[in-house]
Amino acid sequence: MLGPFRKMSKKSFTYRLIKRMAKSPLLSTICIAAVLLFVYADSLMSNLPIKAGEALPSPQAMATLPVEGGGQVAASLNTLPGSVGVAAIPERKIGEETENEDPLIPPFKASVDERLEWFRRKLPELEILKSDQLSEKFHGRVLELFNNNCSAQYFMVWLSTAQSFGPREFLAVDSLFSTSPDGCLLILSSSLDTPKGYRVLKPLLDRGFNVLAVTPDVPFLVKNTPAEAWLDELKSGNMDPGSVPLFNHLSDLIRLAVLYKYGGVYLDTDFIFLKDLSGLRNAIGAQSINQVTKKWARLNGAVMIFDIHHPVLLEFLQEYATTFNGNRWGHNGPYLVSRVMERLRDNPEYSNITVYPPKAFYPVDWIKIAKLFKKPETEADSKWTDDTVADISSESYVVHLWNKRSRELKIEEGSVMARLIADHCNICDNIYDP
């Protein structure tokens, strides 16, 4: 029977199946049920609420300090608390994971009045500006993660969709745990705080790493800071959000506020980690140096390491609130930290801040980053690759990939980037995916 069946045409098979179904109501019912189950199974499984059942290491008591909202966090970057398992992911409506038009992106070439009219219409959709039933759990979930005997408290911010958190971003998180396996990473993200986001991070959770995506409570984060009044004004609909997408500005704000509330290490999602950062305190990196004075010319806030309630973070938040400009890229981010630090350069109150040279965090300028992705073609290329890998590995803590410049670049085998990643990853999947 097997031989003739294999030779049977699809048309003949379909005809015979339909004929049998017509004669047998039971067979018809079974076939229809099987088809429906096949079509909808993935959708049903994707939207089931995921309960945390994987326990992480048990708690250990350590010295802590109180923070706003109750609870405790570490007294400094080097004294961090212990305890907790993976927090359960709160249930969400099925439609909330649909990739729709981003309400944070303003209409192209709109006038100020047109943009304000658009923003007022969009305000009800901007859940990130409000505290709700899910985001109000933010503080408790943060403490739960950081009470896990963390060697350091790391923060990243992801305000894009879970779908756009791709292999390149995953490599950044993977490499973090290759250098700081006992660290705890909090990703402030509503899109990753979903079953879909849980699946993205699950390979790391399965290996016992302490990573958690949590929907941020922005009103809580800015409460009792200079940025609280700024947020109220924005929510009133009377402030021009600017032509630059609002998520860029909110990312700049959230990183400052979360560092002030909890203390720790903030990093963008486009880094490769080469060394453990947990030993650094109250540090920021220079992006460029004045070749005449040999002093820093521009700083960058893509890496910031500060103790809880450090006064310079209040200065950053004050600058953000009073000089906000939504039309200039970088004005509320890298240019902001440069402006403030320039004013405070000779102020003894801030003398405990270390400004690291470019090689520490930004060893390759964004203009030259593409070369690190190319495989060597000649003997001279191979020598340059060897020398560059050795130099960066020796003098750098992390490598900034400048995703705006390199996102579409393929990591070629044998390139500087491929070799650095291969030496600093746990899972090491999709290294050569763009």
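These values consider heavy atoms only, across backbone and side chains, with no hydrogens, waters or symmetry-generated copies. Counting from 1, the numbers follow the sequence of the chain as shown. Computed from a prediction, not measured in an experiment: that's the story for all the values here.
Shown here for Phe273 and His424, the closest heavy-atom pair between the two residues is O-CB, 3.3 Å. Nearest heavy atoms, Tyr266 versus Ser251: OH-OG, 4.4 Å. Residues Pro216 and Ser190 come closest through the heavy atom pair CD-N, 4.0 Å.
Applying the side-chain contact (heavy atoms from CB on, under 4.5 Å) test between Tyr362 and each of Val399, Leu299, Val303 identifies Val303 as the sole match.
Here the CZ atom belonging to Phe306 is positioned 5.5 Å from the CG atom belonging to Leu313, to the nearest 0.5 angstrom. Taking CD of Gln163 as the reference point, atom OG of Ser191 lies at 10.5 Å (rounded to 0.5 Å). The CG atom of Leu212 lies 10.0 Å from the SG atom of Cys184; values are rounded to the nearest 0.5 Å. Considering CG of Asp252 and CG of Asn332, their distance stands at 6.0 Å, rounded to 0.5 Å. With rounding to the nearest 0.5 angstrom, the CG atom of Asn224 is 12.0 Å from the CG atom of Leu221. Separating the CG atom in Leu253 from the CG atom in Leu317 is a distance of 6.5 Å, to the nearest 0.5 Å.
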Pair Leu134-Glu127, side-chain contact (heavy atoms from CB on, under 4.5 Å): steps then yes or no: CA-CA 10 Å; Leu134 176 60; Glu127 299 295 332; over 6 Å; no

Residue pair Tyr262, His309: steps toward the side-chain hydrogen bond (donor to acceptor under 3.5 Å, both in side chains) verdict: CA-CA 8 Å; Tyr262 299 101; His309 295 163; over 6 Å; no

Derivation of the ring-ring contact (aromatic ring centres under 6.0 Å, His included) call for Tyr260 and His310: CA-CA 7 Å; Tyr260 180 72; His310 196 288; 9.7 Å; no

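Of the possible donor and acceptor atoms, none in the side chain of Ser351 sits under 3.5 Å from a partner among the backbone N and O of Asn347. With hydrogens and angles disregarded, no donor-acceptor distance shorter than 3.5 Å links the side chain of Ser396 to the backbone of Ala360. Counting only distance, with no hydrogens or angles, the side chain of Asn300 and the backbone of Gln287 share no donor-acceptor pair below 3.5 Å. Without hydrogens or angle criteria, Asp174 side chain to Phe170 main chain gives no donor-acceptor distance under 3.5 Å.
Of the charged side-chain nitrogens involved, at least one lies within less than 4.0 Å of a carboxylate oxygen, so that Arg419 and Asp386 count as a salt-bridged pair. Between Arg345 and Glu342, at least one side-chain nitrogen of the basic residue sits less than 4.0 Å from a carboxylate oxygen of the acidic one, meeting the salt-bridge criterion. A salt bridge links Asp307 with Arg281: the closest approach of a Lys/Arg side-chain nitrogen to an acidic carboxylate oxygen falls below 4.0 angstrom. Between Lys137 and Asp217, none of the side-chain N atoms (NZ, or NE/NH1/NH2) sits under 4.0 Å from a carboxylate O, so this pair counts as no salt bridge. Salt bridge annotation for Glu413-Lys375: absent, with no cationic side-chain nitrogen under 4.0 angstrom from a carboxylate oxygen.
Cation-pi contact between Lys235 and Trp230: absent, since separation from the ring centre below 6.0 Å together with deviation from the ring axis within 45° is not met. Geometric assessment of Arg407 against the ring of Trp402 yields a negative cation-pi assignment under the 6.0 Å and 45° thresholds. Taking the ring centre of Phe165 as origin, the terminal cationic atom of Lys196 falls outside the region bounded by 6.0 Å and 45° from the ring axis.
For Tyr320 and Phe316, the gap between ring centers reaches or exceeds 6.0 Å. Checked against the 6.0 Å centroid threshold, Phe177 and Phe209 count as a close aromatic pair. The aromatic ring centroids of Phe361 and His400 lie 6.0 Å or more from each other.
Using a 4.5 Å cut-off on side-chain heavy atoms (C-beta onward), Trp118 and Pro106 make contact. Using a 4.5 Å heavy-atom cutoff, the side chains of Ile272 and Val398 are not in contact. Counting heavy atoms from C-beta outward, Leu314 and Pro226 have side chains that approach closer than 4.5 Å. Contact annotation: the side chain of Leu186 never approaches that of Arg141 to less than 4.5 Å [non-hydrogen atoms, C-beta and beyond]. Side-chain contact between Leu145 and Leu185 is absent, with no heavy-atom pair separated by less than 4.5 Å. Contact of the Lys371 side chain with the Thr388 side chain is not registered, since no non-hydrogen atoms from C-beta on lie closer than 4.5 Å. Within the 4.5 Å cutoff, no side-chain heavy atoms of Asn149 are placed close to those of Asp182.
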